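Input: a single structure, listed below in structure tokens.
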Amino acid sequence: LVEVRQFKKLEKLIREKISKKDTDIFIHKIFNYKKQVIAAEILARIKDEEGNYIPAYKFIDVIKEKGLTRDFDLSILHNVKRNISLIKKFTDRIFINLFPSSFSDDKVVEEIKNLVKESKKHKVFIYFEITEHEVATKEDILLLIKSGDINVVFDDFGTGYTNFELIGDLSQNNKAKAVKIDGSIVKNMLSNPNYKSIVKSITLFTTEINLECIYEFIENENVFNQIIQMAEDLKIDKSKLGFQGFWLHKPTNILEEVES
């Protein structure tokens with residue numbers, strides 16, 4: 001009963017926050033091999049009544065269960081658009097993660113197009129993170145990408161469903177810009193040679209078809225250096241590599257980031 005009451009209380013709060021588009025924008029920077037910022041992933045966060053941020057896994061579960069994904073994504077798009085001039089202060093490339101179902105919603109697609117249009121005025125380039133499984137299995141998403149209205153970054157690459165033909169096609173047509181290797185693979189590459197081989201194979205494939213290869217979960221210097229060394233051994237252009245993780249940067253409220 002206590003858990004049910006807590007869930008309902010959290011649901012009420014989240015509904016109120018989303019209806020007012022009262023979600024905070026956090027950014028998680030992405031770096032090149034020289035540790036220079038090359039992009040930032042947009043994250044949405046929600047505060048409780050005491051002003052503390054609710055852990056993402058908690059409010060995401062409520063949003064999914066209660067069918068609030070559309071309104072939550074509209075809130076994200078609204079706040080990114082409102083803060084685009086602030087975002088421009090530290091990067092001209094942003095990655096946005098929306099729920100897959102949102103790409104089939106007319107209102108969300110309209111807001112996506114509006115955001116892309118507005119961002120171009122500020123010379124900020126927007127990429128939407130999505131798994132290749134979602135693109136391959138939902139025709140409306142693929143049509144949206146091929147229409148030229150959005151560019152994508154393939155997220156969680158290396159786990160689950162992988163469609164090399166689709167990625168190659170979208171890369172050739174300049175619709176896909178990057179691949180993000182799933183963090184569970186990256187963080188295990190030091191302790192398991194099989195994972196290191198997977199990272200090596202994905203790196204070779206993506207850079208060969210002229211996609212940027214981004215490594216998630218860079219949690220320490222050792223992982224970072226191992227990837228750099230691997231790229232040098234494979235004679236890969238290191239400018240095609242990107243790095244994201246708490247060792248390099250922890251997600252920060254956009255207002256705090258600008259002030260710092």
Side-chain angles (χ1 to χ4, degrees), residues 25-45 53 55-57 60 87 89-97 125-132 151-160 162 167 171 176-254 256-258 260:
I25 296 296
F26 273 51
I27 58 125
H28 195 192
K29 294 178 180 178
I30 299 169
F31 298 80
N32 63 14
Y33 73 100
K34 296 179 180 178
K35 299 178 187 173
Q36 298 165 327
V37 178
I38 56 171
E41 180 179 354
I42 298 295
L43 306 170
R45 294 292 181 262
Y53 285 108
Y57 71 89
I60 292 296
I87 293 170
K89 290 180 182 293
F90 51 83
T91 185
D92 60 359
R93 298 170 69 214
I94 56 175
F95 294 2
I96 300 176
N97 218 322
F125 302 94
I126 295 180
Y127 308 94
F128 291 92
E129 294 191 22
I130 192 165
T131 66
E132 65 270 29
N151 289 311
V152 297
V153 170
F154 288 110
D155 197 19
D156 299 334
F157 194 81
T159 59
T162 298
I167 294 170
S171 172
K177 301 297 183 180
V179 160
K180 295 182 80 175
I181 301 181
D182 189 76
S184 63
I185 296 173
V186 176
K187 73 177 182 179
N188 285 314
M189 65 176 287
L190 295 185
S191 58
N192 189 323
N194 291 336
Y195 282 93
K196 188 172 183 177
S197 295
I198 293 170
V199 171
K200 185 185 295 185
S201 297
I202 295 173
T203 302
L204 282 167
F205 168 68
T206 54
T207 54
E208 184 67 27
I209 62 171
N210 205 33
L211 286 179
E212 188 175 0
C213 188
I214 299 171
Y215 309 87
E216 298 180 310
F217 278 44
I218 302 298
E219 297 180 338
N220 56 65
E221 188 174 15
N222 196 8
V223 176
F224 180 83
N225 288 339
Q226 284 280 334
I227 293 171
I228 297 294
Q229 186 61 56
M230 176 194 69
E232 290 175 350
D233 293 342
L234 296 171
K235 295 181 171 55
I236 287 172
D237 180 0
K238 295 196 293 293
S239 67
K240 292 182 178 180
L241 310 182
F243 302 85
Q244 184 181 33
F246 280 19
W247 176 69
L248 291 162
H249 176 254
K250 292 182 179 179
T252 312
N253 186 300
I254 186 173
E256 295 175 7
E257 192 67 44
V258 171
S260 65

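Because the structure is a prediction, the values reported are computed rather than measured.
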Atom [atom1] of [X] and atom [atom2] of [Y]: how far apart are they, to the nearest 0.5 Å?
| X | Y | atom1 | atom2 | value |
| --- | --- | --- | --- | --- |
| Ile27 | Asn253 | CD1 | CG | 9.5 Å |
| Asn151 | Phe95 | CG | CZ | 10.5 Å |
| Leu190 | Tyr195 | CG | OH | 13.0 Å |
| Ile126 | Ile94 | CD1 | CD1 | 4.0 Å |
| Asn225 | Glu232 | CG | CD | 9.5 Å |
| Asn192 | Ile185 | CG | CD1 | 11.0 Å |

Using the side-chain contact (heavy atoms from CB on, under 4.5 Å) rule, pick out the option among Leu204, Ile198, Thr203 that qualifies with Lys200.
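It is Leu204; the other options fail the test.
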
Quick check: do [X] and [Y] have side-chain heavy atoms less than 4.5 Å from each other?
| X | Y | result |
| --- | --- | --- |
| Ile218 | Ile227 | yes |
| Gln229 | Gln226 | no |
| Glu212 | Ile38 | yes |
| Met230 | Ile236 | no |
| Ser239 | Asn32 | no |
| Thr207 | Leu241 | yes |

Please collect all salt bridge (Lys or Arg N to Asp or Glu O under 4.0 Å) contacts where either partner lies in residues 215-229, sequence neighbours excluded, each pair once.
Lys180-Glu216

Any idea how Trp247 and Phe224 line up, ring-wise: parallel (<30°), tilted (30 to 60°), or perpendicular (>60°)?
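Plane angle between 30° and 60°, so tilted.
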
Any chance you could lay out the side chain to side chain contact (heavy atoms under 4.5 Å, CB included) test for Glu41 and Phe26, step after step, and finish with the verdict?
CA-CA 8 Å; Glu41 180 179 354; Phe26 273 51; over 6 Å; no

Would you name the heavy atoms of [X] and [Y] that are closest together and state the gap between them?
| X | Y | result |
| --- | --- | --- |
| Ser191 | Pro193 | O-CD, 4.1 Å |
| Leu211 | Ala176 | CD2-O, 3.2 Å |
| Val153 | Val179 | CG1-N, 4.5 Å |
| Ala39 | Thr91 | CA-OG1, 3.4 Å |
| Phe31 | Lys35 | CD2-O, 3.4 Å |
| Phe90 | Ala40 | CE1-CB, 4.3 Å |

Identify, with sequence neighbours excluded, every residue that meets side-chain contact (heavy atoms from CB on, under 4.5 Å) alongside Tyr33.
Ile228, Lys238, Phe243

Kindly write out the residues that satisfy side-chain contact (heavy atoms from CB on, under 4.5 Å) with Glu208, not counting sequence neighbours, or none if the list is empty.
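side-chain contact (heavy atoms from CB on, under 4.5 Å) check on Glu208 returns nothing, list empty.
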
Against His249, only a single residue in Lys29, Glu257, Gln244 fulfils side-chain hydrogen bond (donor to acceptor under 3.5 Å, both in side chains); can you say which?
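The option that passes is Glu257.
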
Could you walk me through whether Ile87 and Ile42 pass the side chain to side chain contact (heavy atoms under 4.5 Å, CB included) test, one step at a time?
CA-CA 10 Å; Ile87 293 170; Ile42 298 295; 4.1 Å; yes

Between Val223 and Tyr215, is the side chain to side chain contact (heavy atoms under 4.5 Å, CB included) condition met? List the steps.
CA-CA 10 Å; Val223 176; Tyr215 309 87; over 6 Å; no

I'd like to know if the side chain of Ser171 reaches the main chain of Ile209, judged simply by a donor and an acceptor atom lying under 3.5 Å from each other, with no hydrogens or angles considered.
yes

